[in-house]
Every structure is written in C-alpha cells, then in structure tokens.
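Worksheet: the structure to be examined is printed underneath.
Just so you know, these numbers come straight off a predicted model, no measurement behind them.
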Amino acid sequence: MPGGSTNPISLTGFVEKVSETVHKAKTHMHENAHDLAQVTKQKEEDKLNGPCVDVIITFISASGIPKLDVVGASDPYFVAKLDDRVSMVSTVKTKSLAPEWNELWRVKNVPTTSELRVEILDKDTDTPHDDYIGKFKTSIEAGEKEIDIQGPLFRKDRGTFKLKTETAPSTDPAEPKYLFDGPIRYSRHFSPLVGKLTDLDDARLYSTWKMYLIDVPIYFKDVYQHWNVKYKAAQSIFGSGPTSLAIRAGIHAGHKMLYARSTSNGFGVIQSVDDVMRLFEGGSLDPKGILGKSPFAHRIKPAVYTYIISAQDDSLRFSETGAAFFVDFASKHALHADCAEQVRYSGEFHLRPRAKDHSSWCGWQDFNDSMPDDSVDWEVVIDNNSGTYAPDKAMLPTLRDLIDCNFPGLDVVALDREDDELKKSVDACQEYALKYRGVKSEHLQPHQQEGHRSLLKPLGAVVGKVAHLQRGNKEEA
C-alpha cells in the first residue's frame, strides 16, 4: 500500500528469487564451460584418431621484410609449430630483408587437419628480446604457397613467406603423433656475451652444441630420468627454499646466455658420419694465432664432453666437460638442461681411436699423431656419469641404439659409470691431451684462470634479488 511499510515476507521472497536466479546462472555457466571443454576434448581426440600424413615442409624464403632497426637491415629467423605439439627454429639470416632459407622439416604421423603456425622475428643481440616481425598460419595441404605475413595491429603488411608442403599417408599404426623425422640439425653457440662475461679467448671452452635427434619417443617411450633426490647438489638446486630458487634463477640465466640464438652461431645439418666427426675437430690453445695455426685444428680432439638429452625437445646438448662457464654452478647437467626436473638421459662421452681391424688395439694409449685420423676407425664411448639425474644403467643399450639410429655408421660403446673400462678409456683420452696436444690440466675440469670472471658473477644481482623477494614472500605469508 502506498505510504505503508515494506512487507518483510515479500522482501525475503524477492531476495530468495534473486539468489535462485544467480545460482541457476552460475550453474548454467559452469555446465556450459564443462560442455565446451568436453566438446574441445572430443574434437582433439577425433583429430588424433583420424587420418594422418607424413609431412615434409620446405621453408623457402621471405620477401618484403620491414627494416625494424634504425641502423642496418633485419636479421630474420622463424619459429614454426604444428598444432603446438612440435616445433623447429630456423637459422638466422643476417642483414637481409629478403632471406632465403631453403630449410627442410620432416614430421611423421601428423593429423590431416593440423595447422602450421609460423612466427618471424628479428634477432637482436643487444636486447633480451627479439623484435617481432609478424606471423601466419596455414593448413598442411600439399603444394607450394606464398602467404602474407601478418604484423601487429595497424601494421599488417610485413611481407610474404614462401614454402612448399609435401605429404604422404602415414604407416599404420600412426604412432607416436607429431614424430620429428629430421633432418638432424645442429647449432654451435659461442655467444659473444659469454665471452665478455668470462674474459675467455678459447672459443671451444665456452661453446655449447645442440642437435635435434630423431625417434627419441620410439626408443625411450615414456621413460625419463628424474633428478636424483639423494644427490646433495641436486637437492640444493631443486629444493623448495629461497636458496634453491636463487640457484635455479642463476642457472636459468646462465643457460639462456649459453644457448642464445645469435648471428654468430654456427649452423649445419648432419648428413654423414664425416659431418659428425668434424664437430669434434680442434684443440688449438692459441686462438689469436700468436704462435701460428695449430697443427691440430683439423684433427679429432681428445676431450670429454658433458651431455643431456632434453625431455622438452629431444635435443642432444653438450659441451666440453672442462668448459670454463661451469665454474660456480652446482651441476653441469642442470645447466645444460635449464634446470629441468627430468631428462631423457645424461652423462658424458668421448671419442677414441681404434685399429681398422677392430682387434689389434683400441684407445688413445695406442694412438700417435703420426697416424692420420682417417687411417683409424673412431667410436663414441658414452656413459651415464651424471650425479644430478643418476640415469638408470639398464637404459644404456637403448641409448646406444638411439645414437646408432641417428648416426648410422658411427660405432657406439655404452658403458656404466662404474665400469673399469670407462675409467681407463677416459684416463687415456685425457693423458693424451695433456702429453701431446698441449692441453693444460686445468682445462680438464671447470676452471677459472687468474684475472678471469666467472659467468655467475655478473648474474649475482639477479640471483640475489630473486632470493630477497622469496624471503620477503615467506615473511609476508
């Protein structure tokens, strides 16, 4: 009634109706979200269960790339992905607005409805992030295509990209999906930034290598090596406290520097055993040429390498075990793995010579430099010597088979870290390096020469800041 008091019963009923309506709306939204998730999941399952093809994509070239730097032309490269399930990164083409790549990418068992997405970037060595040029997406339908590169909003015209796609029906069963099938590409990283930070001249002692291996999921299946919870150094890295967080921050920053994609990197494709062997030539300890060119520049270097096979991208990453940048880091393997909690495998390896008849002699102790490298056979001795991940020795035969698959014609010997033969072989390799190749004893293990700065020192501010923030968060909590 006008002018009268509000009926409390009517008000209560109104509030209840509002509450009921809100509840129904929330329930409806939740059900819709659940239904959408179910539909999306079903579409993904239908896609993976549908027909598949083996794809060969040739990334040919781009044209009309804009000049993003004030001085000089762009240094373009691209990142290609198939359904965000498998990716490849191209080489960097320096000072070009019309780069030609002609790079091949083979992937097996790709659903026919898959989408190829490509981002083009401009490599900038003086900033933490590369400039974004543009992107495009396309189907994997066979044929040659020239596609417009779409730039950021209001800057859509960023040139065109040319590629060619070839497809063939996959062999049943088409598993595992999105299987990388080559070619085996490698990159050698000797970042000028790392050189400045460590004051080193010997490029090989702060070089890292990365190779993308084929068929890793076929050989290792669902087997991974978790970080070793019993290993003190691993505990300090992967622990939950502020100190561990600071250590991880330092390792992440170090890894990013060591594996930075740069215009100075070396790139190549492994097509034969000879291509593999050339990666291990070197050993000049006079990089500035003061004493003249080293006679060992094109000979296999007697050296031990630290490696991991990444669980993220199936890449083999390695460097010389005595690399100077390892100083101050709790784990060489964690540095290569970018602090990943698990890897496919890890350890060390070295090359050793043996007689052509494979019976009269084997090892550096029986070799001498009067023998040309091509007058003997070479084998890779690979092991599981990694305290951080403590790889299962039962997987050594699988590791050997994987290496055999990737590098046919290369002899591979897989030995457990406790095997006496391994110790003798490593000792012979290092003794030869010391006695006949001019290698200094400090180069056999991570070292820091007088007057040099370690890689970790310039990162100290970052590490300290992370630890301080973490402590602050703990106190606030």
Side-chain angles (χ1 to χ4, degrees), residues 36-60 78-90 101-119 135-145 147 161-186 210-225 269-271 309-316 340 342-345 395 397-408:
L36 180 60
Q38 287 291 102
V39 169
T40 303
K41 182 180 178 182
Q42 187 60 50
K43 283 185 176 180
E44 183 68 14
E45 289 178 356
D46 292 344
K47 179 178 186 176
L48 295 177
N49 292 328
C52 291
V53 290
D54 296 343
V55 180
I56 301 176
I57 303 174
T58 304
F59 299 95
I60 301 172
F78 64 84
V79 180
K81 296 182 180 181
L82 283 168
D83 294 341
D84 283 328
R85 297 288 293 270
V86 62
S87 65
M88 76 159 282
V89 184
S90 76
W101 282 285
N102 291 308
E103 294 188 19
L104 212 64
W105 190 29
R106 298 193 300 264
V107 186
K108 288 183 175 180
N109 308 329
V110 180
T112 55
T113 55
S114 292
E115 191 172 66
L116 172 69
R117 293 176 178 265
V118 179
E119 279 194 354
K135 64 182 179 180
F136 67 86
K137 62 181 179 179
T138 183
S139 70
I140 59 169
E141 182 180 354
E144 191 168 299
K145 308 172 186 178
I147 306 165
F161 198 105
K162 191 174 182 180
L163 59 83
K164 179 183 178 182
T165 304
E166 302 169 72
T167 62
S170 299
T171 302
D172 286 332
E175 294 291 344
K177 295 292 189 287
Y178 305 95
L179 179 66
F180 171 62
D181 191 44
I184 299 172
R185 297 173 294 112
Y186 73 87
K210 179 187 284 191
M211 283 184 196
Y212 291 93
L213 303 180
I214 65 173
D215 290 349
V216 173
I218 289 178
Y219 285 89
F220 279 92
K221 296 182 172 59
D222 59 352
V223 177
Y224 298 86
Q225 310 298 319
V269 175
I270 300 297
Q271 296 178 315
I309 299 177
S310 170
Q312 277 71 43
D313 61 7
D314 294 341
S315 65
L316 171 66
Q342 59 184 14
V343 296
R344 284 296 195 171
Y345 216 73
M395 294 299 294
T398 301
L399 174 67
R400 180 197 60 220
D401 293 344
L402 174 68
I403 303 300
D404 278 338
C405 165
N406 278 265
F407 312 111

Inset, instruction - For E175, check salt bridge (Lys or Arg N to Asp or Glu O under 4.0 Å) against everything at least two apart and list the hits. - result: K177
Inset, instruction - Keeping the roles fixed (side chain from N109, backbone from Y178), state whether a donor-acceptor pair exists under 3.5 Å. - result: no
Legend entry - Test side chain to side chain contact (heavy atoms under 4.5 Å, CB included) applied to V89 - qualifying residues, sequence neighbours left out: Y77, V79, R261
Inset, instruction - With the side chain counted from C-beta on, respond yes when M88 and I57 share a heavy-atom pair under 4.5 Å apart, and no when they do not. - result: no
Inset, instruction - Drop me the distance from I270's CD1 to R185's CZ, to the nearest 0.5 angstrom. - result: 11.5 Å
Legend entry - By side chain to side chain contact (heavy atoms under 4.5 Å, CB included) - contacts of I218 (at least two apart): P176, L179, D215
Inset, instruction - For L116 and A80, work out which heavy atoms get closest and say how close. - result: CD1-CB, 4.2 Å
Inset, instruction - Over all heavy atoms of both residues, which pair between A311 and V343 is shortest? Give the atoms and the distance, please. - result: CB-CA, 4.0 Å
Legend entry - Contact check, side chains of L104 and V269, non-hydrogen atoms, under 4.5 Å: no
Inset, instruction - Kindly determine whether V110 and L82 satisfy side-chain contact (heavy atoms from CB on, under 4.5 Å), including the steps that lead there. - result: CA-CA 8 Å; V110 180; L82 283 168; 4.2 Å; yes
Legend entry - Within 6.0 Å of NZ in K210, more than 12 heavy atoms from elsewhere: yes
Inset, instruction - Look up atom CE in M211 and atom CD1 in I184, then write down how far apart they are to the nearest 0.5 Å. - result: 8.0 Å
Inset, instruction - Give a yes or no on whether the backbone of V53 and the side-chain of S170 come within a donor-acceptor separation of less than 3.5 Å. - result: yes
Inset, instruction - Flag yes if more than 12 heavy atoms outside K145 fall under 6.0 Å of its NZ atom; otherwise flag no. - result: yes
Legend entry - Heavy-atom side-chain contact between I309 and L402 under 4.5 Å: yes
Legend entry - Spacing of N102 atom CG and K162 atom NZ [to the nearest 0.5 Å]: 9.5 Å
Legend entry - Distance, nearest 0.5 Å, that separates CD1 of I140 from CD of E115: 10.5 Å
Inset, instruction - Would you please name every residue forming a salt bridge (Lys or Arg N to Asp or Glu O under 4.0 Å) with D313, sequence neighbours left out? - result: R317
Legend entry - From Q225 atom CD to M395 atom CE, the distance as rounded to the nearest 0.5 Å: 6.5 Å
Legend entry - Partner set under ring-ring contact (aromatic ring centres under 6.0 Å, His included) for F78, not counting sequence neighbours: F59, W101, F161
Inset, instruction - Under the side-chain contact (heavy atoms from CB on, under 4.5 Å) rule, what do Y219 and N406 come out as? Steps first, then yes or no, please. - result: CA-CA 11 Å; Y219 285 89; N406 278 265; 6.0 Å; no
Inset, instruction - May I ask you to test the L213-F407 pair for a side-chain heavy-atom distance under 4.5 Å? - result: yes
Inset, instruction - Look only at the side chain of R344 and the backbone of Q312, and say whether a donor-acceptor pair between them is shorter than 3.5 Å. - result: no
Inset, instruction - To the nearest 0.5 Å, tell me how far S114 OG sits from D83 CG. - result: 3.5 Å
Legend entry - E141: partners by salt bridge (Lys or Arg N to Asp or Glu O under 4.0 Å), with sequence neighbours left out: none
Legend entry - Pairwise side-chain contact, V86 with W105, heavy-atom cut-off 4.5 Å (strictly under): yes
